[in-house]
Amino acid sequence: MSSRISRRNFFNKTVSLSTGALLLKYMPAFGAQNKGLMPIIVTSHANKTGQNAMEAGWEILARGGTALDAIEKAANIIELDPEDTSVGYGGLPNENGIVQLDASIMDGKTYNAGAVACLENIKNPASVARVVMERTDHVLMVGQGALDFAIKWGFKEEDLLTEKARKTWLRWKENQSENDVWGPPAHLREKAKLESYWEGFPEEEFHYGTTNVLAVDMNGNISGITTTSGWSYKIPGRVGDSPIIGAGLYVDNEVGAAGATGRGEDVLKSLASYFMVLRMKDGRTPQQACEDALEMIIDKYKSIGSDYLPGEKFIAINKFGETGCATMRRREKPKMSVMTKKGYIKYEGTIARPM
Ligand code: ASP
């Protein structure tokens with residue numbers, strides 16, 4: 001508690017100083033155990049797929065490859081995991097049962113960025129975002145235009161809705177309301193409730209989920225990707241924070257990179273990833289930057305008299321190979337996958353408001 005208060009005081013003090021960047025000293029802190037361990041690749045996914053993704057990205061980095069190639073390779077692995085209901089293939093659909101994907105990529109070395117939003121039928125939206133970045137003079141493409149563009153570049157159109165995601169969506173749809181026609185006939189509804197029709201299918205009423213992949217390569221160049229199927233059961237056409245540069249992702253080659261997962265609407269309003277990179281530029285460690293961003297959002301709600309705490313998780317790395325991870329309100333500490341020459345670790349972050 002006391003450390004939280006002092007951090008907030010520190011934050012309030014520094015943002016009120018226009019020359020704060022000059023006054024702050026670099027302070028090694030939580031996350032500094034990775035200092036000097038470059039190259040480095042991290043992801044917000046702390047499961048087995050996240051580990052596999054890190055190992056694949058690491059292979060590229062270890063042989064002197066670019067951060068850009070490493071993050072794309074790693075993100076593609078997470079996107080292709082059919083069991084993952086929050087990213088790419090197998091992601092939960094929108095309220096009409098259509099999977100719409102958002103993704104962004106940013107390359108610090110070239111100060112270049114690309115993104116796609118509401119992209120349907122393409123398993124690897126992060127790779128389409130990379131083509132937008134490298135082969136167009138645009139940053140963001142959406143919907144049918146993004147799909148047409150992807151097809152022109154040889155991406156294969158495929159059905160992204162897995163059996164698991166489809167059943168999960170149908171179950172949600174049936175449970176939405178007693179006042180619609182989804183579900184068994186009215187006179188059988190109670191009975192049907194007792195039956196285990198949906199047994200074996202996860203009861204995911206609604207959820208968030210996304211992945212961030214960030215890396216620094218041997219040459220000190222930094223790149224990042226954020227890719228997602230967005231909020232489950234979102235209104236068709238909704239675009240989240242993930243494909244918005246500065247919101248779901250930001251990279252500055254002189255500083256580091258940051259990414260967001262969770263309630264995108266709050267990340268959009270706060271441009272949290274850009275904010276985290278600015279905080280690191282001002283001398284904050286990646287861990288402190290993640291915590292600052294959460295406090296900034298909490299303070300915004302406080303300023304209008306609300307104690308609303310949106311569910312978000314932020315991750316960050318800096319050019320020194322330090323890492324950070326923090327979440328808004330949880331019981332368990334947030335984790336992220338980190339891969340360096342020391343091998344794979346699960347880095348444990350902090351909780352802004354422990355439950
Ligand atoms: N940030 C994503 C979005 O709002 C969802 C998530 O990360 O869970 O679409």
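First listed ligand is number 1; within each ligand, the first listed atom is number 1.
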Protein residue, atom and distance nearest to atom 8 (O) of ligand 1, heavy-atom basis: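 Going atom by atom, the protein heavy atom closest to atom 8 (O) of ligand 1 ends up being G209 N, 2.0 Å.
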Closest protein heavy atom (residue, atom, distance) for atom 6 (C) of ligand 1: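 Scanning the protein heavy atoms, the shortest distance from atom 6 (C) of ligand 1 goes to T210 OG1, 2.9 Å.
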Using a strict cut-off of 4.0 Å, indicate which atoms of ligand 1 neighbour a heavy atom of [X].
X	value
W231	3 (C), 4 (O), 5 (C), 9 (O)
R238	3 (C), 4 (O), 9 (O)
T261	7 (O)
G264	1 (N), 4 (O)

Ligand 1 N/O within reach of T228 N/O, cut-off under 3.5 Å: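 Looking only at distances, the answer is no, because the N/O contact criterion of under 3.5 Å is not met.
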Of the listed options A117, G240, G262, G230, closest to atom 1 (N) of ligand 1 (non-hydrogen atoms):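 Going through A117, G240, G262, G230 one by one, G262 has the nearest heavy atom to atom 1 (N) of ligand 1.
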side-chain contact (heavy atoms from CB on, under 4.5 Å) partners of L170, counting only residues at least two apart: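 L170 satisfies side-chain contact (heavy atoms from CB on, under 4.5 Å) with R166, W182, W198 once adjacent residues are dropped.
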From CG (L249) to CE (M106), nearest 0.5 Å: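 Reported to 0.5 Å precision, the distance equals 7.5 Å.
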Side chain to side chain donor-acceptor pair (under 3.5 Å) partners of S273, counting only residues at least two apart: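 None.
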Within one Ile-Leu-Val-Met-Phe-Trp-Tyr cluster: I225 and L140, side-chain cutoff 4.5 Å: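 No, no single cluster joins them.
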Common cluster, F275/M328, ILVMFWY with side-chain heavy-atom separation under 4.5 Å: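 Yes.
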Close approach, K234 and ligand 1, non-hydrogen under 4.0 angstrom: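 No, that is not the case, since the closest heavy atom of the residue is not under 4.0 Å from the ligand.
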Donor-acceptor pair, side chain of D69 and main chain of G65, under 3.5 angstrom: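 No; zero donor-acceptor contacts below 3.5 Å.
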Six-ring centre of W153, R135 cation under 6.0 angstrom, axis tolerance 45°: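 No, R135 does not lie over the aromatic ring of W153.
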